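Have a look at the structure below before the remarks.
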Amino acid sequence: MHRSRWSRVRSYLKSSLWVVPLIAIPLGMITTRILHWLDGHLERALTAFAVTGARALLDAIVTSTLSFVVFTFGSLLVAIQVARGQRPPRIIATVLLRNNVVRYTVGLFIFTLLVALGTQGRLDDKIPPLSVLAVSCLGIACFAAFLYLIDYASRLLRPISVLTHVADSGFAVIESVYPELTLGPGGPGRSHHDLGPARRVILHQGTSGIVLTVDLATLVREAKMANGVIEFVPQVGDFVAVDEPLFKLYDGAHETADETLRSAVDFGSERTLEQDPTFAFRIVVDIALKALSPAINDPTTAVLAIDQLHRLLRLVGKRHLRTDEILGESGRLHVIFPTPNWEDFVNLTYSEIRQCGGNNLQIVRRLRAMLENLIQTLPSHRQPALLEQLSLLDREAMRFFQYPEERALARTGDSQGLGGRSSRSN
């Protein structure tokens, strides 16, 4: 299958709740036949049930599993409605629809239902011992899974659960995209090659969409084979419309087939975390902004979001944020691939939250505590962007707080916002 099509199918399957329950249907039918065959070769009884008791047991398990399925999907619809009202819509696909606990639990319910129905249909004057025993064990497992699911679902949409899940996913993406630690201020800087005008431009065809992933290995290989340079024009996470520039080809790369390069790019209808390190920041910032909106007015949730941004930004500050230019072993330029720089991450983290929460002491003090901590702990070449944000935060405090006492509070960092130990102790 074409790589980009397979990637779209894989992404769709990952975010679809129906796949696992659908697979459970043929598995349940196959298991029923296997159990029926084994029962025909099994002579001794494995349970003490009479025919009436076995029929009552199977009826109870069928009814229970059906109720579990209805309750689970009903609760999920309610959770989606709550999430749409109180959380950014991006967490629906990131947290809810890609949740394996819900999918596999429903799959267990469907599997048990099919096995119980198959056993019930073959129940006559003689009890199938292995089938009844298997259904009994599956029924116990369903009850345990249902109780666990209730507890899990009650925690799933708590702000700290959502934020931690997104931040952990962001950690994995950042470490994947930026595998090396920072080289420090003495590391190699961004090189500039005078490539001249592009010999050919490849436009995006098909349907408009957002860049999800790019197969860099394919681009580098094609550039080496053609003895040229391939420039990927957009950035992962950008929306690209039809007929917009997708690649610029320099030197010998202009002979590379269009379809080969287009197949190295995956498009989708919305951003994902697969190869987009700033998307985790975007989701967490959106949660903070939603919490700071006048309709919700929950600054404590915004502080929890800043806690996770603190983790993410510290990790980014310690990584080597590669330049846009990917070089070969000989130092020859092969691919130009734009990626966010340190200033992009810093501005994304602070700007909107400072603007929306600059009049809230809790937010201002937590932002200050994060800035002061990162300035002290990250390498020196990361400090200018942080110092700029600290200066902006001071000016916001001067604008919003008129009383000297409040300004003094705003100029004191607090990792809890308000109520924690201030960075200046008396």
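Note that the structure is a prediction, hence the values are computed from the model and not measured.
No more than 12 heavy atoms of other residues, nucleotides or ligands shown are found within 6.0 angstrom of OH on Tyr104.
Distance check: Met29 CE to Ile34 CD1 gives 12.5 Å after rounding to the nearest 0.5 Å. A distance of 11.0 Å separates CZ in Arg354 from CG in Leu390, rounded to the nearest 0.5 Å. The CG atom of Leu58 sits 6.0 Å away from the OG1 atom of Thr119 when rounded to the nearest 0.5 Å. Taken to the nearest 0.5 Å, the CG atom of Leu114 stands 14.5 Å off from the CZ atom of Phe109.
The ring pair (Phe, Tyr, Trp, His ring centres under 6.0 Å) analysis of residues 207-248, with sequence neighbours excluded, yields the pairs Phe232-Phe247, Phe232-Phe337. Evaluation of the side chain to side chain donor-acceptor pair (under 3.5 Å) test over residues 56-78, restricted to residues two or more places apart or in two chains, returns Asp59-Gln120. Identified under the side chain to side chain donor-acceptor pair (under 3.5 Å) test for residues 233-243, with sequence neighbours left out: Gln205-Asp243.
Put simply, the side chain of Arg368 gets close to the backbone of Ala410: a donor and an acceptor are under 3.5 Å apart. Thr412 places a side-chain N or O within donor-acceptor distance of the main-chain N or O of Ala408, the cut-off being under 3.5 Å. Asp344 contributes a side-chain N or O that, together with a main-chain N or O of Asn341, makes up a donor-acceptor pair within less than 3.5 Å. Of the possible polar contacts, one joining the Asp414 side chain to the Gln416 backbone as a donor-acceptor pair under 3.5 Å is found. In this structure a side-chain-to-backbone donor-acceptor pair under 3.5 Å is present from Ser208 to Val242. In this structure a side-chain-to-backbone donor-acceptor pair under 3.5 Å is missing from Glu343 to Ala385. A distance-only check finds a donor-acceptor pair linking the side chain of Arg262 to the backbone of Leu203 [under 3.5 Å]. Under the 3.5 Å distance criterion, the side-chain polar atoms of Arg200 are left unmatched by any main-chain donor or acceptor of Leu249. Remark: the backbone N or O of Gly317 is paired with a side-chain donor or acceptor of Arg382 at under 3.5 angstrom. Between the Arg407 side chain and the Met398 main chain, a donor and an acceptor come within less than 3.5 Å of each other.
When each of Thr213, Val214, Asp215 is tested with Asp266 by the rule side chain to side chain contact (heavy atoms under 4.5 Å, CB included), just one qualifies, namely Thr213.
The pair Arg282-Glu352 meets the salt-bridge criterion, with a side-chain N (NZ, NE, NH1 or NH2) lying under 4.0 Å from an Asp/Glu carboxylate O. Salt bridge annotation for Lys290-Asp298: absent, with no cationic side-chain nitrogen under 4.0 angstrom from a carboxylate oxygen.
In summary, the side chains of Asn359 and Glu396 do not present any donor paired with an acceptor at a separation below 3.5 Å, with no hydrogens or angles considered.
Residues Ser136 and Leu57 form a side-chain contact, since some pair of their non-hydrogen atoms from C-beta on lies under 4.5 Å apart. No side-chain heavy atom of Phe71 sits under 4.5 Å from any side-chain heavy atom of Leu149. A 4.5 Å side-chain heavy-atom check between Asn297 and Pro299 finds at least one atom pair inside the cut-off. In this structure, Trp342 and Leu378 have side chains that are in contact, with non-hydrogen atoms separated by less than 4.5 Å. By the 4.5 Å heavy-atom criterion applied to side chains, Ile306 and Leu367 are counted as neighbours.
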Let me see the working for Leu333 and Leu195 under side-chain contact (heavy atoms from CB on, under 4.5 Å), right down to the final yes or no.
CA-CA 10 Å; Leu333 175 64; Leu195 300 174; 4.1 Å; yes
Just do the salt bridge (charged side-chain N to carboxylate O under 4.0 Å, His left out) check on Asp307 and Arg311 with the steps written out, would you?
CA-CA 7 Å; Asp307 291 341; Arg311 291 177 58 205; over 6 Å; no
Hey, mind stepping through Val166 and Gln308 against side-chain contact (heavy atoms from CB on, under 4.5 Å) and telling me if it holds?
CA-CA 9 Å; Val166 174; Gln308 301 304 317; over 6 Å; no
Residues Val102, Thr105; criterion side-chain contact (heavy atoms from CB on, under 4.5 Å); working and verdict:
CA-CA 5 Å; Val102 177; Thr105 303; 5.9 Å; no
Between Arg319 and Val177, is a side-chain contact (heavy atoms from CB on, under 4.5 Å) present by the stated rule, with each step listed?
CA-CA 10 Å; Arg319 314 305 286 190; Val177 176; over 6 Å; no
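For Phe281, the ring-ring contact (aromatic ring centres under 6.0 Å, His included) criterion is met by Phe345, not counting sequence neighbours. Residues passing the ring-ring contact (aromatic ring centres under 6.0 Å, His included) test with Phe143, sequence neighbours excluded: Phe68. For the ring-ring contact (aromatic ring centres under 6.0 Å, His included) test, no residue two or more places apart in sequence or in another chain qualifies with His310.
Across all non-hydrogen atoms, the minimal contact from Pro338 to Val233 is CG-O, 3.9 Å.
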